[in-house]
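Beneath this line is the structure, given in structure tokens, with notes to follow.
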Amino acid sequence: MSPTLEAGDRLVVVHGAGVAAGDLVVARLPGGVGAVKRVESIDAAGVWLASDNRDEGWASRTHGGPVAPSDVVAKVVGRLWPRPGRVPNL
């Protein structure tokens, strides 16, 4: 699967919004780095994140498990630049 976003895209995010499987989110990954990831699932262990480009990138299943719900910083609700509009699969 190819990436949903490209370098230089400017996103519209909502802090504190509820998230569900399939949503794009801004999350703090282990080590403190921030990234945009897709929510794969949410369970008692935490929030499982995936990369839209499964051949590259960080994913919970291959890098040590879910992140804490408090590490999900914001929900992506749209793209502002360079192609305004909703991000596919939102």
Side-chain angles (χ1 to χ4, degrees):
M1 176 186 279
S2 62
T4 301
L5 304 171
E6 296 179 20
D9 284 357
R10 300 293 186 253
L11 305 175
V12 178
V13 302
V14 176
H15 293 267
V19 299
D23 288 345
L24 280 180
V25 297
V26 178
R28 267 187 304 277
L29 303 182
V33 67
V36 176
K37 295 293 172 187
R38 189 163 304 276
V39 175
E40 190 173 84
S41 64
I42 302 171
D43 62 22
V47 181
W48 294 83
L49 301 173
S51 175
D52 277 356
N53 185 353
R54 296 193 188 272
D55 293 336
E56 297 182 26
W58 189 96
S60 292
R61 300 219 179 266
T62 58
H63 289 90
V67 299
S70 60
D71 286 330
V72 176
V73 178
K75 178 179 177 177
V76 177
V77 295
R79 180 181 13 238
L80 184 61
W81 181 260
R83 299 167 308 278
R86 292 182 56 82
V87 176
N89 301 318
L90 279 182

Check your understanding: Who pairs with Val13 by side-chain contact (heavy atoms from CB on, under 4.5 Å), at least two apart in sequence or on another chain?
Key -> Leu11, His15, Val26, Ala74, Val76
Exercise for review: Apply the test side chain to side chain contact (heavy atoms under 4.5 Å, CB included) to residues Val39 and Lys75: give CA-CA distance (whole Å), side-chain angles for both, the deciding distance (0.1 Å), then the verdict.
Suggested key: CA-CA 10 Å; Val39 175; Lys75 178 179 177 177; over 6 Å; no
Check your understanding: Of all heavy-atom pairs between Ile42 and Ala20, which one has the smallest distance, and what is that distance?
Key -> CD1-CA, 4.2 Å
Review point. What pairs meet the salt bridge (charged side-chain N to carboxylate O under 4.0 Å, His left out) rule with one or both residues in residues 62-71, with sequence neighbours excluded?
Key: Arg28-Asp71
Review point. Should Asp52 and Leu24 count as side-chain neighbours, where that means a heavy-atom distance under 4.5 Å?
Key: yes
Practice item. Flag yes if Val67 and Val25 sit in one hydrophobic cluster, no otherwise; membership is Ile, Leu, Val, Met, Phe, Trp, Tyr, and two members link when side-chain heavy atoms are under 4.5 Å apart. Key: yes
Exercise for review: Supply the atom-to-atom distance Lys37 NZ to Leu29 CG, rounded to the nearest 0.5 angstrom.
Suggested key: 6.5 Å
Exercise for review: List in chain and number order the residues that pass side chain to side chain donor-acceptor pair (under 3.5 Å) with Trp58, two or more places apart in sequence or in another chain; answer none if no residue qualifies.
Suggested key: none
Review point. Do the side chains of Val77 and Leu80 join up, straight or via other hydrophobic residues, at under 4.5 Å, putting them in one cluster?
Key: yes
Revision key, fill the gap. Here the salt bridge (charged side-chain N to carboxylate O under 4.0 Å, His left out) pairs for residues 11-20, sequence neighbours left out, are none
Review point. Who pairs with Ala59 by side-chain contact (heavy atoms from CB on, under 4.5 Å), at least two apart in sequence or on another chain?
Key: Thr62
Review point. Any idea which heavy atoms bring Leu49 and Ala27 closest together, and the distance?
Key: CD1-CB, 3.7 Å
Point to revise | Hydrophobic cluster of Trp48, others only, ordered by chain and residue number, side-chain cut-off 4.5 Å | key: none
Review point. How would you list all residue pairs meeting salt bridge (charged side-chain N to carboxylate O under 4.0 Å, His left out) that involve residues 59-68, not counting sequence neighbours?
Key: Glu40-Arg61
Point to revise | All side-chain contact (heavy atoms from CB on, under 4.5 Å) counterparts of Ala21, not counting sequence neighbours | key: none
Review point. Same cluster or not: are Val33 and Val47 linked, directly or through other Ile, Leu, Val, Met, Phe, Trp or Tyr residues, by side-chain heavy atoms under 4.5 angstrom apart?
Key: yes
Exercise for review: Would you name the heavy atoms of Pro66 and Ala45 that are closest together and state the gap between them?
Suggested key: CG-O, 3.4 Å
